[in-house]
Asker: 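Encoded as structure tokens, here's the structure I'll be asking about.
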Amino acid sequence: MLGKYKLSIVLLLLLIILTASTFLQSNDLPAVVSALSEMSLLWLTLGILSVLLFVILEGVMIWHLLRSFQKGIGLYQCICWSFIGFFVSGITPSATGGQPMQIYYMKRAGIKVSASMPVLMILAVLYKLVMVSIGAGLSLFWATGLAAYFGDFLWLFYLGLGLNSFVVVLLIFIMLRPLYAEKLILKIERLLTAMRILKESPERQTRWLSAIAEYQQVIGFFREHKTTLLSVALMTFIQRCLPFLLIWIIYRGLGLSSVGILSLMALQAAVTLAIDLLPLPGSMGVAEFVFTTVFAAVFSDKLLPAALCISRGLSFYLLMIVSATIFAWVHFSKGKTAKKEYRDFLI
């Protein structure tokens, strides 16, 4: 499994090196180090807790949804799957690899694809729906503020809003029209067979059709349990706000207080929306550029590079290190059986 993502990991490392070299060339390193040393340890600790809680909360939501119809699901397992999803999303363009990898490890734990797929799709829809709702609210009620901070790059925000809106509509359509999804999956299966990527297998087609039927049952279950969805939607909103809160924590930790918490969270939400679906692992490079453009009016020239280092360091690099460690531990915990299980997963 890890071998499949070697190219993505190499690309990520190259982007890290390129971004770091560009950053060091355009900033006074001693000044950045001096500014970083001014960060309060208490606020830094709160920042670390906020980013860890962001990933942990997704695990809690996976656990909450899965245990609604399948008993014996451990919270600890679900949190591990959440970190695995974060790591693989971070090394794949537009974060496309996280959910398939989560589905694979859930299957290793005995959870059917027909159960894990709709659960993760529900979380994806709610995640994107919260982002689109926040973005729409900002564009309606804070358009002048966005224009002032984004300047000539305001189009990035609206591009992100448009792409996320399209993804939400597409995911909802697949959930509400599973028969269309069934036809699409069968067409993809025939195409992959014609291209000789997959071997012809009537058994595989039967298993996929059975999985689609079970998928429809799970979706039907959640339609009848709206309170469960509402509770997860609330948790999604809280989870989604944690990375936005991080910028305020950094701002206060650097001894600043003139800009209010809501304005800072709104700006961070807009930045996140602008880079969310860009086809680069972790939005590397672009994230740093948009951050420095938008927050140039918030932090001084001395503190802006430090704020960027802390923000990206905690919200991406720290989480990638933690997630990679958990991923490796989970993957190798079963040793030699992993390769066979992955092959069975594809059949």
Side-chain angles (χ1 to χ4, degrees), residues 1 51-90 95 97-130 171 174-175 178 181 207-208 210-240 242 319 322-335 337-338 340-347:
M1 288 295 294
V51 297
L52 290 175
L53 187 58
F54 170 74
V55 183
I56 290 170
L57 266 180
E58 181 186 299
V60 173
M61 289 185 284
I62 292 172
W63 175 71
H64 184 54
L65 289 172
L66 282 176
R67 71 172 185 154
S68 298
F69 57 89
Q70 185 168 340
K71 305 302 179 184
I73 304 298
L75 177 59
Y76 171 76
Q77 277 182 310
C78 295
I79 292 173
C80 286
W81 296 331
S82 179
F83 277 102
I84 288 172
F86 183 91
F87 173 73
V88 179
S89 293
Q99 287 194 340
M101 189 64 76
Q102 286 175 314
I103 291 171
Y104 163 65
Y105 281 99
M106 288 180 187
K107 188 175 185 296
R108 281 181 66 176
I111 298 171
K112 294 181 178 180
V113 175
S114 56
S116 60
M117 187 180 293
V119 164
L120 294 178
M121 186 171 288
I122 287 169
L123 290 180
V125 170
L126 291 175
Y127 180 88
K128 296 295 183 185
L129 190 58
V130 167
L171 291 175
I174 292 173
M175 289 177 63
R207 286 170 60 182
W208 283 13
S210 175
I212 292 169
E214 292 177 0
Y215 167 88
Q216 294 178 35
Q217 292 177 5
V218 175
I219 291 295
F221 174 87
F222 284 118
R223 285 178 183 169
E224 297 172 3
H225 294 75
K226 294 182 176 62
T227 53
T228 301
L229 289 180
L230 286 173
S231 63
V232 173
L234 178 60
M235 283 191 282
T236 302
F237 179 77
I238 295 171
Q239 183 220 19
R240 191 57 267 175
L242 285 171
L319 285 183
V322 174
S323 299
T325 303
I326 292 173
F327 184 17
W329 183 84
V330 171
H331 179 76
F332 292 110
S333 62
K334 280 197 172 183
T337 62
K340 179 181 182 302
E341 287 175 348
Y342 182 56
R343 185 175 64 249
D344 293 341
F345 174 65
L346 294 176
I347 294 175

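Here, residue 1 is the first one in the sequence, and each next residue gets the next number. What's counted below: heavy atoms across the whole structure, side chains too, no hydrogens, waters or symmetry copies.
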Asker: Between T228 and H64, do the side chains contain a donor N or O and an acceptor N or O under 3.5 Å apart?
Answerer: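 Per modelled atom types, H64 and T228 side chains form no pair under 3.5 Å.
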Asker: Would you say W63's side chain and I73's backbone share a donor-acceptor pair under 3.5 angstrom?
Answerer: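 It does hold such a pair.
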Asker: Are the side chains of V330 and F83 in touch, meaning some heavy atoms are under 4.5 Å apart?
Answerer: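 Side-chain contact under 4.5 Å: no.
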Asker: Go through it in stages, so that I can follow the logic: the residues are M61 and V119, the test is side chain to side chain contact (heavy atoms under 4.5 Å, CB included), and I'd like the CA-CA distance, side-chain angles, deciding distance and then a yes or no.
Answerer: CA-CA 9 Å; M61 289 185 284; V119 164; over 6 Å; no
Asker: Who pairs with L129 by side chain to side chain contact (heavy atoms under 4.5 Å, CB included), at least two apart in sequence or on another chain?
Answerer: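 Only S133, V168 meet the side chain to side chain contact (heavy atoms under 4.5 Å, CB included) criterion with L129.
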Asker: Look up atom CD in Q77 and atom CZ in R108, then write down how far apart they are to the nearest 0.5 Å.
Answerer: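 Spacing of CD (Q77) from CZ (R108) equals 11.0 Å.
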Asker: Step by step, would you call V88 with Y104 a side chain to side chain contact (heavy atoms under 4.5 Å, CB included)?
Answerer: CA-CA 12 Å; V88 179; Y104 163 65; over 6 Å; no
Asker: Hey, could you give me the CG/CG distance between L319 and L52, rounded to the nearest 0.5 Å?
Answerer: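 CG of L52 is found 6.0 Å from CG of L319.
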Asker: Do the non-hydrogen side-chain atoms of L229 and I122 ever get within less than 4.5 Å of each other?
Answerer: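 Yes, close enough: below the 4.5 Å cut-off.
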Asker: Taking the side chain as every heavy atom from C-beta outward, state whether F87 and M101 have any atom pair closer than 4.5 Å.
Answerer: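 In short, these two side chains do not touch, never coming nearer than 4.5 Å.
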Asker: Is the side chain of Q99 donor-acceptor paired with the backbone N or O of L120 at a distance under 3.5 Å, no angle test?
Answerer: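 Here the side-chain-to-backbone pair exists.
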Asker: With the side chain counted from C-beta on, respond yes when I84 and S323 share a heavy-atom pair under 4.5 Å apart, and no when they do not.
Answerer: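 Result no, sub-4.5 Å side-chain heavy-atom pair not found.
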Asker: Can you measure from CZ (F327) to SG (C80) and round to the nearest 0.5 angstrom?
Answerer: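 Taking CZ in F327 and SG in C80, the distance rounds to 12.0 Å.
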Asker: For the residue pair F86 and F54, does the interplanar ring angle fall in the parallel (under 30°), tilted (30 to 60°) or perpendicular (over 60°) class?
Answerer: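 The arrangement is perpendicular - the two ring planes meet at more than 60°.
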Asker: Is any side-chain heavy atom of M106 less than 4.5 Å from a side-chain heavy atom of I62?
Answerer: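 M106 reaches I62 side chain to side chain.
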Asker: Show the nearest heavy-atom pair for residues L75 and G59, with the distance to one decimal.
Answerer: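 Shortest heavy-atom contact: CD1-O, 4.3 Å.
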Asker: Might you work through the side chain to side chain contact (heavy atoms under 4.5 Å, CB included) test for Y127 and Q239, ending with a clear yes or no?
Answerer: CA-CA 9 Å; Y127 180 88; Q239 183 220 19; 4.2 Å; yes
Asker: With distance as the sole test, does S82 use its side chain to make a donor-acceptor pair with the main-chain N or O of I56 at under 3.5 Å?
Answerer: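 No; zero donor-acceptor contacts below 3.5 Å.
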Asker: Rounded at 0.5 Å granularity, tell me how far CD1 in I111 sits from OH in Y105.
Answerer: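 Here the interatomic distance stands at 14.5 Å.
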Asker: What's the verdict on side chain to side chain contact (heavy atoms under 4.5 Å, CB included) for L126 and M235, showing C-alpha distance, side-chain angles and the deciding distance?
Answerer: CA-CA 10 Å; L126 291 175; M235 283 191 282; over 6 Å; no
